[in-house]
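Please read these numbers as outputs of a predicted model, since none were measured by experiment. Along the sequence shown, residues carry numbers from 1. Just so you know, ligand 1 is whichever comes first in the structure, and atom 1 is the first atom listed for that ligand.
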Amino acid sequence: KPAQDLAGRRVLISAGGTREPLDPVRFLGNRSSGKQGVALAEAARDRGASVTLVAANLEVAEPTGVSLTRVGSALELNQAMREAAGEADVIIMAAAVADYRPHSVREGKIKKQDVGDTLSLELVKNPDILAGLAQHRTPGQVIVGFAAETEADADRLLALGRDKIERKGCDFLVVNRVGWTQGFATDGNTILMLDHLGVIVQEASGSKISVANCILDVIA
Ligand code: C5P
């Protein structure tokens with residue numbers, strides 16, 4: 001049994017990819033599987049935490065022994081996180097949130113007969129959920145964000161991470177590289193973790209559950 005170093009702590013985690021509806025049968029999505037966020041929820045549970053998971057689309061089984069809220073779009077995720085945030089000692093935003101959503105959701109199915117050969121979509125920016133949570137943080141709350149980047153150069157990846165943690169205002173940022181064959185939907189992960197000053201406080205590579213435990217070591 002792992003050390004119960006999160007016993008009595010309330011940990012709120014978001015996971016999975018948001019789906020932004022276009023019409024009743026279609027959405028804009030991303031390739032996040034939710035694996036890393038679910039692994040974090042399971043690892044925190046096993047270390048004694050009381051875990052709430054807000055799940056956007058998952059390609060893995062829901063974890064047991066956690067309180068689960070299912071959401072679809074970024075706006076739904078934002079609302080669920082805001083409702084649960086006040087109670088949390090730790091918030092981890094592992095969800096892949098759409099930066100933009102369709103400006104209007106059609107009542108009926110978009111039909112090609114009505115559209116023609118090209119279809120333009122107007123998108124509007126979603127709220128930055130992580131930045132909002134950091135802005136409204138309660139005293140002592142620890143807030144962790146993720147940065148999934150396609151940047152291959154290690155120095156530039158680090159620079160992106162440092163820039164991002166500054167903009168988001170969170171306490172820690174988990175940076176990982178993603179691509180067609182990396183990060184999203186894979187079984188392993190390679191991460192580094194920055195503190196609010198941009199200092200590297202953790203580096204880990206391995207299964208998503210072992211990476212989750214390395215992240216929780218810092219948080220604990
Ligand atoms: O800006 P970027 O999407 O790279 O930031 C990633 C981090 O911000 C992740 O922790 C993600 O969950 C969060 N995020 C958010 N709201 C958004 C976009 C991203 O909370 N609209």
Side-chain angles (χ1 to χ4, degrees), residues 11-21 27-41 44 51-59 69-85 88 90-103 123-137 141-152 156-179 182-185 189 191-196 198 201-202 208 211-212 215-216 218-219:
V11 178
L12 172 63
I13 300 173
S14 71
T18 65
R19 291 177 160 187
E20 308 301 315
F27 57 83
L28 297 179
N30 61 68
R31 292 180 48 241
S32 169
S33 64
K35 276 185 191 168
Q36 187 62 74
V38 167
L40 278 161
V51 177
T52 298
L53 179 67
V54 177
N57 182 62
L58 301 181
E59 300 292 339
T69 304
R70 284 204 148 275
V71 296
S73 66
L75 291 179
E76 287 171 20
L77 177 59
N78 191 31
Q79 190 178 338
M81 292 303 287
R82 277 172 173 258
E83 277 168 17
V90 177
I91 301 176
I92 307 176
M93 276 295 298
V97 185
D99 290 324
Y100 295 88
R101 67 177 180 276
H103 177 260
L123 305 177
V124 292
K125 211 171 201 173
N126 276 324
D128 191 314
I129 302 169
L130 175 59
L133 293 168
Q135 221 161 40
H136 296 101
R137 56 151 39 85
Q141 198 169 54
V142 175
I143 302 186
V144 183
F146 268 72
E149 301 289 352
T150 48
E151 176 61 63
R156 284 205 294 263
L157 186 65
L158 194 56
L160 283 175
R162 288 182 170 143
D163 187 58
K164 187 160 296 185
I165 195 162
E166 174 118 23
R167 265 187 290 120
K168 304 272 184 177
C170 52
D171 300 297
F172 296 103
L173 190 73
V174 180
V175 182
N176 72 309
R177 216 155 84 64
V178 296
Q182 205 173 9
F184 277 4
N189 209 359
I191 61 106
L192 59 82
M193 200 168 166
L194 302 178
D195 71 7
H196 71 287
V201 291
Q202 183 66 291
K208 286 186 173 173
V211 166
I215 293 167
L216 292 175
V218 176
I219 294 169

### Message
Below the 3.5 angstrom mark, is there an N/O of Pro127, backbone or side chain, next to an N/O of ligand 1?
### Response
yes

### Query
Which residue and non-hydrogen atom of the protein lie closest to atom 20 (O) of ligand 1, and at what distance in Å?
Leu130 N, 2.7 Å

### Heteroatom proximity flag, Ala94 to ligand 1, N/O under 3.5 Å
no

### Query
At a non-hydrogen distance cut-off of under 4.0 Å, which region of Asp99 contacts ligand 1 (side chain, backbone, both, or neither)?
side chain

### Message
Test your reading of the structure: does Met93 have an N or O sitting under 3.5 Å from an N or O of ligand 1?
### Response
yes

### Protein contact of atom 9 (C) of ligand 1 - nearest heavy atom, named by residue and atom, plus distance
Phe146 O, 3.1 Å

#### Entry: Residues, nucleotides or ligands: over 12 heavy atoms within 6.0 Å of Gln141 CD
yes

#### Entry: Numbering as shown, the atoms of ligand 1 that approach Gly145 to under 4.0 Å (heavy-atom distance)
10 (O)

### Query
Does even one non-hydrogen atom of Lys168 get within less than 4.0 Å of ligand 1?
yes

### Query
So is Arg167 close enough to ligand 1, meaning a heavy atom under 4.0 angstrom away?
no

### Summary
If we number the atoms of ligand 1 from 1 as shown, the ones under 4.0 Å from a heavy atom of Asp128 are 15 (C), 16 (N), 17 (C), 20 (O), 21 (N)

### Query
Taking only heavy atoms of Ala95, which atoms of ligand 1 are found under 4.0 Å from at least one of them?
11 (C), 12 (O)

### Message
To the nearest 0.5 Å, what is the distance between CE on Met193 and CG on Asn176?
### Response
12.5 Å

### Query
Of all the non-hydrogen atoms in the protein, which one sits nearest to atom 4 (O) of ligand 1, and at what distance?
Lys164 NZ, 2.3 Å

### Query
If only atom types and distance count, is the side chain of Gln36 paired as donor or acceptor with the main-chain N or O of Lys208 below 3.5 Å?
yes

### Task
Please round to the nearest 0.5 Å and tell me the distance separating atom CZ of Arg31 and atom CD of Glu59.
10.5 Å

### Query
Under the criterion side-chain contact (heavy atoms from CB on, under 4.5 Å), which of Val201, Ile143, Leu194 is the partner of Phe172?
Val201

### Summary
Residue set satisfying side-chain hydrogen bond (donor to acceptor under 3.5 Å, both in side chains) with Asn126, at least two apart, ordered chain then number -> Arg101

### Message
Just to be sure I'm reading this right: ignoring hydrogens, which of Leu173, Ile92, Leu77, Val97 gets closest to atom 14 (N) of ligand 1? Compare them by their nearest heavy atoms.
### Response
Val97

### Task
Consider every N or O of Ile129 and every N or O of ligand 1, then say whether any pair is closer than 3.5 Å.
yes

### Query
Where the side chain of Glu20 meets the backbone of Ala74, is there a donor-acceptor pair that is under 3.5 Å apart?
yes

### Task
Report the distance from atom CG of Asp163 to atom CD1 of Ile165, rounding to the nearest 0.5 Å.
11.0 Å

### Query
Under a 4.0 Å N-O cut-off, is there an ion pair linking Arg167 with Asp128?
no

